[in-house]
Amino acid sequence: MSTIPIPPHLRFRDEEWAKLTRFARHGNGALRIGVVSGRRRLGKSHLLRALCEENSGTYLLAVQEDSRPAAQARVVEAVARARGLPAESLRLGDDWAAILRLLLQPRPGNEEAPPLLVLDEFPYLLRHSPELPGLLQSLYDETRYESSAGRETLHGGIILCGSALSVMHELLSGQQALRGRATLDLRLTPLDFRAARRFWNIEDLHTAFLVDAACGGVPGYQVLAEHDAPQNPADFDAFAAGGLLTPGHPLYSRTETEYLLREDPRLDQRATYYPLLSAMVSGATTPTEIGARIGKERSTTAHALEVLEAAGYAQRDQDLLKKRSPSYLVPDPMIRFNQAVTIPQTPLIDAGRYERAWQQARPAFQSQVLGPHFEHLAREWTRRWAPDEVPGLDFGWVSRTEVPDPAARTKHEVDVALLGPGESPRQAHRTIQLLGEAKATTAPRGAKDLERLEHIRALLARQGHHTEGAVLALFSLHGFWPDLEALAAHRDDVLLISLPELYDRTPA
């Protein structure tokens with residue numbers, strides 16, 4: 001089935017648009033249910049409004065402050081408006097089932113097209129109408145039965161959308177009413193760093209990296225920036241001090257972080273979750289380490305981490321080769337920036353000294369934001385693009401790992417490891433395609449860094465892993481010393497990757 005061409009204002013969402021239009025246009029004679037989720041500012045509503053425009057659908061946005069009667073009145077008014085009727089002509093009372101049936105009636109003059117209904121910010125409706133998933137299940141099962149019996153019935157598609165990830169993902173889990181009934185589960189993610197640079201229209205690669213480290217690939221932040229994107233590091237300094245660290249600015253990271261965390265109803269105790277986020281950003285990674293950093297028991301910390309993970313604000317980071325306790329990190333750049341930079345500088349920010357706050361926070365920005373983000377970019381490049389851009393590499397599992405060194409009584413952290421195609425993580429005798437180290441330090445990388453990777457490759461071989469074809473990759477934010485470049489020029493097993501290679505020199 002052909003899809004509708006993507007509107008030009010929906011940039012870098014071609015794949016998501018194709019999935020949505022296939023769902024909207026699939027007329028199988030019965031009701032279909034889809035779920036769209038993703039954190040704030042990713043453009044979910046933008047996509048779904050455009051989808052309704054292109055398919056004569058009905059788009060309804062729930063409001064957080066609405067009571068049940070107010071929400072129902074808002075829906076009925078929208079239905080009446082779409083049909084050219086006065087709102088008072090539709091008297092449906094407190095009956096969501098009747099309202100849903102009316103919403104799924106074809107629009108006048110467009111009876112042949114499958115009806116499309118989008119309920120955006122669906123978690124707000126669940127706060128006062130928790131029976132909605134059960135009613136949708138009943139409608140779905142009824143229409144499937146009637147359709148299979150060859151009888152006329154309601155048909156079309158309903159898309160439920162929301163930003164509270166724990167709520168949206170739970171809709172289709174376990175014993176929930178809608179489990180097994182959704183034909184679309186679209187989880188919108190931030191733009192990758194290459195697309196984000198083009199979205200912001202930044203030519204300078206280092207500046208693009210700085211913006212991505214602070215804001216991630218969230219399209220809404222480019223709109224909130226209010227001014228042209230930074231085009232050099234000096235511009236970024238003004239962007240950070242005048243936007244991310246200035247209260248009242250739309251991009252002020254403290255306000256944005258609170259806004260994001262308030263979105264999920266499970267994160268209702270700020271005093272519990274803020275210290276966890278700060279501990280992770282400052283380098284504590286396991287539940288035990290995080291608990292020790294904030295003075296809490298491991299059991300209490302583990303439960304709170306599970307809540308943050310369900311909400312999308314903590315991420316498990318499993319070792320690629322070893323079965324050991326998972327570590328945790330903060331995947332959202334804006335939250336990481338807030339915890340590492342903004343909160344520690346609160347006294348200066350409150351005093352209105354935003355430029356001084358930024359200058360004082362630069363070491364923390366370098367170590368707690370840029371360092372982890374550069375490692376993330378190295379793994380993302382290895383996972384998404386390396387197999388197409390480096391001869392001999394193929395797609396496989398990518399993560400970090402820890403390699404014991406018994407003779408030296410130490411352990412070596414490996415920032416990037418790529419398994420062979422078809423290989424499963426955390427098993428013995430894996431085939432390793434690539435081992436990499438990613439450093440955002442201001443000094444170039446040299447031959448000593450390559451020697452370290454050679455030593456780690458030999459250790460893994462002695463532990464039974466297959467490393468004979470493993471490529472050694474050094475990722476550097478600030479280039480390489482000539483001695484290393486000379487070595488790499490004569491070896492097929494060494495990759496030197498800096499920003500031009502990561503970004504593939506793609507013009508903004």
Check this for me, if you would: do Arg49 and Glu53 make a salt bridge, where the nitrogen-to-carboxylate-oxygen distance has to be below 4.0 angstrom?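 Salt bridge flag = no for Glu53 with Arg49.
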Looking at Arg384 and Asp192, does any basic side-chain N land under 4.0 Å from a carboxylate oxygen?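 Judged by the 4.0 Å cut-off on N to carboxylate O distance, Arg384 and Asp192 do form a salt bridge.
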Return the [atom1] to [atom2] distance between [X] and [Y], rounded to the nearest 0.5 Å.
X      : Y      : atom1 : atom2 : result
Leu499 : Leu205 : CG    : CG    : 6.0 Å
Arg13  : Lys44  : CZ    : NZ    : 10.0 Å
Glu289 : Arg298 : CD    : CZ    : 11.0 Å

Indicate yes or no: at least one non-hydrogen side-chain atom of [X] is less than 4.5 angstrom from one of [Y].
X      : Y      : result
Glu256 : Arg41  : yes
Ile290 : Leu276 : yes
Phe209 : Tyr503 : yes

Take Arg144 and Arg32, measure what side-chain contact (heavy atoms from CB on, under 4.5 Å) needs, and give me the verdict at the end. CA-CA 9 Å; Arg144 290 281 157 166; Arg32 301 179 317 286; 3.8 Å; yes
Determine whether a donor-acceptor pair (N or O, by modelled atom type, separation under 3.5 Å) exists between the side chain of [X] and the backbone of [Y].
X      : Y      : answer
Arg194 : Leu502 : yes
His465 : Arg430 : yes
Ser37  : Arg187 : no
Asp264 : Ala311 : no

So which heavy atom on [X] is nearest to which on [Y], and how close?
X      : Y      : value
Leu320 : Leu418 : CD2-N, 4.3 Å
Arg426 : Lys322 : CG-O, 3.1 Å
Pro331 : Gly312 : CG-O, 3.7 Å

Just checking His9: does its NE2 atom have more than 12 heavy atoms from other residues, nucleotides or ligands closer to it than 6.0 angstrom?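 Result for NE2/His9: enclosed.
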